[in-house]
Each structure stands twice: as structure tokens, then as C-alpha cells.
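Contents: one structure, followed by commentary.
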Amino acid sequence: MLDIQLLRKDAALVAERLAARGFAFDAARFDALEAERKTIQTRTQEAQSHRNSMSKQIGMMKGKGEDTTAVMAEVAGLGDELKQLEERLAALQTEINDFLMGVPNLPHESVAPGKDETANVEVSRWGTPRNFDFAVRDHVDIGESLGQLDFAAAVKITGSRFSVMRGGLARLHRALAQFMLDTHTAEHGYTEVYVPYLVNADSMRGTGQLPKFEEDLFHVPRTDAEKLYLIPTAEVPVTNLLRDEIVAAESLPLRFVAHTPCFRSEAGSYGRDTRGMIRQHQFDKVELVQMVRPEDSYAALEALTAHAETILQKLGLPYRKMALCSGDMGFSAAKTYDLEVWLPAQNTYREISSCSNFETFQSRRMQARFRVGQGKPELLHTLNGSGLAVGRTLVAVLENYQNADGSVTVPEALRPWMGGIEQLTPA
RNA sequence: GGAGAGGUGGCAGAGUGGUCGAAUGUACCUGACUCGAAAUCAGGCGUGAGCGCAAGUUCACCGUGGGUUCGAAUCCCACCCUCUCCGCCA
């Protein structure tokens, strides 16, 4: 959520900056709503104040045993008008809030303008894609011929966009997650957290998935009041750890890492990446989350991105770092770097991590704050990034480390988590 | 799932219709005393929002949402959550 003070001061400027990301901000509507809100709120508060002082007077008079019928008759007539004002004000505030909840974050000044991913800027590139002296196969062929990747079984058990792994491949998947967790906790100063995979609507609103993107989420019905959602990323439960909290400035920065499954309905992606493990309804991810002081957040974004890059480097996977343009960023982000890993079978780089600074966009929704000494609470800045998406990392390892005989070499860095296994071979 | 108890400020804990946004204790901040600290004493100390150049002022908030009333932390209804015991269970 944007700062409403900024909107009041200069809605036109906000509209201009949002246009850069393809969002049409209706400044006229906002101004109109605000104008009415201001009038109604002032009148409501005056009426409330009047009623309060009259009621107080009745209390005082009764305390002294005086007759109050005259005053009570006077205040009795106030009820209807006050109720109407209060209802109108509540409706207006709901409307303004709904309106604001649907407005995306402002892009940071360093973000390149652009309509879509074609305007993203390549920041750097690491590693050299390997030359294969045999026909490369994609991860589906590799995994299935190993007898360790089974989409047919997943379709039977659940449906499309799920997978079953067995044996060494299942272990490789687990090893990847543990390798990532151990690296981030031991080398990058993150605290490992275990969190719920089902969250309530308030949490989804806090990080920005709701109200706008409900169709992307799976949910568990129950009653409306207690409806729960499956997390699309650990960002949701982990960032919401700070919702409605005020932490001491000295405790910042907070750095959390969590390994969780993620669930996405993939509504609107029919026909895209239907083959293999690239786009699944359920996938594992190791997520990095930071809460920092505002002045530190852009340095933190660079650091967090570098933490994710470390994983790719240790695994020897070639990748490139992209700075997303204004039109390609997610709803809540002020600035985003994507890391794209080289996939030989697709002969291209594919997203494997997305690292963003949300500034106060999430913390304002969540009222996640910090306090310097005895000072006023201030909104902190939140960041997160994949460190990394485990499923896609598995795909990258299979494809980049495949051998002519159909086996797959286990990257050196993973071997401590593989119980000495150096190669995946058919069972 | 059954039975009971309970949700009040950072924490503890009063308050069951009226100067209650809320006693008191504790924690914390400032000052006094002290060489310094402790103890003691005095004062301060919730969050959000509106209006205002400011000083300030107004409103809302006692789990959440409704209701009754001139007036609700207090009464009524629904829901959520926590705790205890029983049952079941990894």
C-alpha cells in the first residue's frame, strides 16, 4: 500500500510514476473520494464530540442527583444524523482502502522504464554454458530414463503439474534444499524458521497477494471468516512474522530463511511450460526474507541477491542477473532482480530466483514497524528473494550435469548432503 | 470431539452502565539525591486517524464483528483465539 499522505499531496505525480509500470491510477477518483471523506469525517467527529460531551454532562448531573430529562431530550435527537454520518464515513473509508489496496508499488528511481520483459536489463553474467559433444536431453527425459522422475504417477495421484521423484533424484532434491539452508544460515547470517503452509487472509493481504490475486491461490474452504490459503511462497508467513509488531531498532536487520513447499494455481498460464518441472502447482523453495531500516534496504537488496547468487556459483550453474523494468515487476515490488539459470535443453536462461525490495509497501499493510529508542514507531523495509527455487535448481542440475550415458554427475558442493553419492544412474 | 475457564496498555493485574483511554504494580525514559551505582523521591511513558503553520485539538481503539443505550471495557448476540481436564491421534 502506498503512503496516503503522498497521494493527497500529489496524486498526479503518483499517477505518472505508476504509468511507467502500466498502471492507470485514477487520480480524479481518488481526489473526489478524499474530498468527500474529509468533509464527512470532520462533520462526523464534530457530531461525536458533541454527543460525547452531552453524555458526559448527563453522567455528571446524575452523579449529583440533578434532573437530566431536558439534556437527554436534547441529545436524543442526535442519534439518527450521527448514525448516517458514521455509516457514510465507514463506507468511504472502505472504498478508499479498497482502492489503495489495488494500487501497485512505485518503481524505484533506478528501475528502467519498460513495458514487459523485453525491456529488462542484464546486469551481469556468471559462468560459461558447457559445450556438449552429444545431443542434450531435457530434465524430463533424463529423470524418466533414470527411472526416478514419474509424472504419470503424479497425474494418477493428483493431476497435471505435479511430480513424483524417487531414489537418488528425490535425495538430490532434498540435498539441494539442505545445502541452501545450511549455506544461508552458516555463511550469510540468516535464522532458519519453520512456518505454517496455510495462512489466513490477513497474512495474504499483508504481503500483497490479496485482494488482487486470489485466483492465483489455492484455498481451504472452511467458513468465510476462517478461510485459509496455501502459501504461494514462504515470503507470506515469514514476512508476516512482523505484522502488527514494533521491534527495537537494534534488532535490525532481521534475516530469515525458510524452506517450504509453495502452491500456485497457475491460473492464466495454460499451455505455458506444461512439460516437466518448470511450472508446477507444488514446488519447494528456500526463501530469504529481510526486515531492515529504510536507509539500508537497497544495500540489503544487493546483498540478498548476492546470497542467492552464491548458491548458483557453488553449484557451478551459469546464470545471469537481470534488473527488471518497471512493467515487468510484481505488484508489491519497488525494485527486483531476477536470477536466470542456464538450461541447455531450452538453450536459454530461465528464472530461478526473484529478489525484491518492497520498501514500505508491505510493512504499511502489515503495520510492521521499528522504534529508535523511545521515538515514534517507523515502518521498516521488507525484502525477499528465492535462494533458490529448489525444483528449478534440480532441473538445472540435471540438464547441466548430464552425461552421454544418461547418468548425472552430482555437483561437488552437494556431495556432503548426498551420503557420498557422486552420480545418479539408472536403478 | 465433550466439559469448563478466560481474552484489558511491554508484562502483571483492577475495573460489571456515567468525568474510564482505563487504578495499581512492574519495566522503560527524564530529573533530583550520589564520587558513581543501587535504593528512594518527582515527573513522563499505548496505537491509529482527522484538523491545524504551530501550540494544540478532536475522533476511534479494552480479542473480532454486530446490537441495546443519551452514554458500553462493563449488558445482549455471533464468531475467533488461548488455557485446563477428558477422548482421539503423529
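Residue numbers start from 1 in every chain, and the chains themselves are labelled A, B, ... in the order their sequence lines are given, proteins ahead of strands.
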Identity of whatever pairs with [N] - Watson-Crick or G-U, under 3.5 angstrom:
N	answer
B:rA78	B:rU64
B:rU84	B:rA3
B:rG10	B:rU26
B:rG71	none
B:rG17	none
B:rU57	B:rG50
B:rA38	none

Whole-Å distance between [N] [atom2] and [X] [atom1]?
X	N	atom1	atom2	answer
A:L100	B:rA49	CG	C1'	14 Å
A:I40	B:rA60	CD1	C1'	17 Å
A:M61	B:rG18	CE	C1'	13 Å
A:Q367	B:rU47	CD	P	11 Å
A:E245	B:rG9	CD	P	13 Å
A:I246	B:rC45	CD1	P	16 Å
A:H50	B:rC59	NE2	C1'	16 Å
A:Q41	B:rA49	CD	C1'	6 Å

Check whether any side-chain nitrogen or oxygen of [X] sits under 4.0 Å from OP1 or OP2 of [N], and answer yes or no.
X	N	result
A:R369	B:rG48	yes
A:R51	B:rG18	no
A:Q45	B:rG52	no
A:N52	B:rA60	yes
A:K38	B:rC51	yes
A:S49	B:rC59	yes

Regarding [X], tell me which of base, sugar-phosphate or nothing describes its non-hydrogen contacts under 4.0 Å with the strands shown.
X	answer
A:M54	nothing
A:R364	nothing
A:E34	nothing

Can you tell me how far CD of A:Q280 sits from OG of A:S163, rounded to the nearest 0.5 angstrom?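 Taking OG in A:S163 and CD in A:Q280, the distance rounds to 4.0 Å.
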
Starting the side chain at C-beta, find the nucleotide from [options] nearest to [X].
X	options	answer
A:I58	B:rC28, B:rG18, B:rA49	B:rG18
A:S55	B:rG18, B:rG67, B:rG50	B:rG18
A:Q48	B:rC28, B:rA60, B:rG18	B:rA60

If every non-hydrogen atom of A:L241 is compared with every non-hydrogen atom of A:V193, which pair is closest and at what distance?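 Scanning both residues, the minimum pair turns out to be CD1-CG1, 4.5 Å.
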
Give me the distance, rounded to whole Å, that separates [N] from [M] when you measure between the [atom1] atoms they each carry.
N	M	atom1	answer
B:rC45	B:rU24	P	13 Å
B:rG63	B:rC53	P	37 Å
B:rG1	B:rG10	C1'	37 Å
B:rA27	B:rC85	C1'	35 Å
B:rA73	B:rG67	P	15 Å
B:rU84	B:rA78	C1'	25 Å
B:rG21	B:rG15	C1'	13 Å
B:rA5	B:rA90	C1'	29 Å

Can a donor-acceptor pair under 3.5 Å be found between the side-chain atoms of A:K56 and the base atoms of B:rG18?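 Side chain to base: no pair below 3.5 Å.
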
Both A:K62 and A:K376 contact RNA chain B. Taking the nearest nucleotide for each, which residue is further toward the 5' end?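 Whichever sits nearer the 5' end wins; that is A:K62.
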
Assuming nearest nucleotide by heavy-atom distance, tell me which of A:G59 and A:Q93 is located more 5' along RNA chain B.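 Comparing both residues, the 5'-ward one is A:G59.
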
State whether the side chain of A:R365 and the backbone N or O of A:M101 hold a donor-acceptor pair below 3.5 Å, judged by distance alone.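 Present.
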
Side-chain H-bond candidate by donor/acceptor type, [X] with [Y], under 3.5 Å:
X	Y	result
A:E359	A:H381	no
A:S356	A:K335	no
A:N357	A:H108	no

For the pair A:E340 and A:R392, find out whether any cationic side-chain nitrogen is under 4.0 Å from an anionic carboxylate oxygen.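 So A:E340 does not pair with A:R392 through a salt bridge.
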
Check the angle between the aromatic planes of A:Y190 and A:H184 and answer parallel, tilted or perpendicular using the 30° and 60° thresholds.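 Rings of A:Y190 and A:H184: perpendicular, over 60°.
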
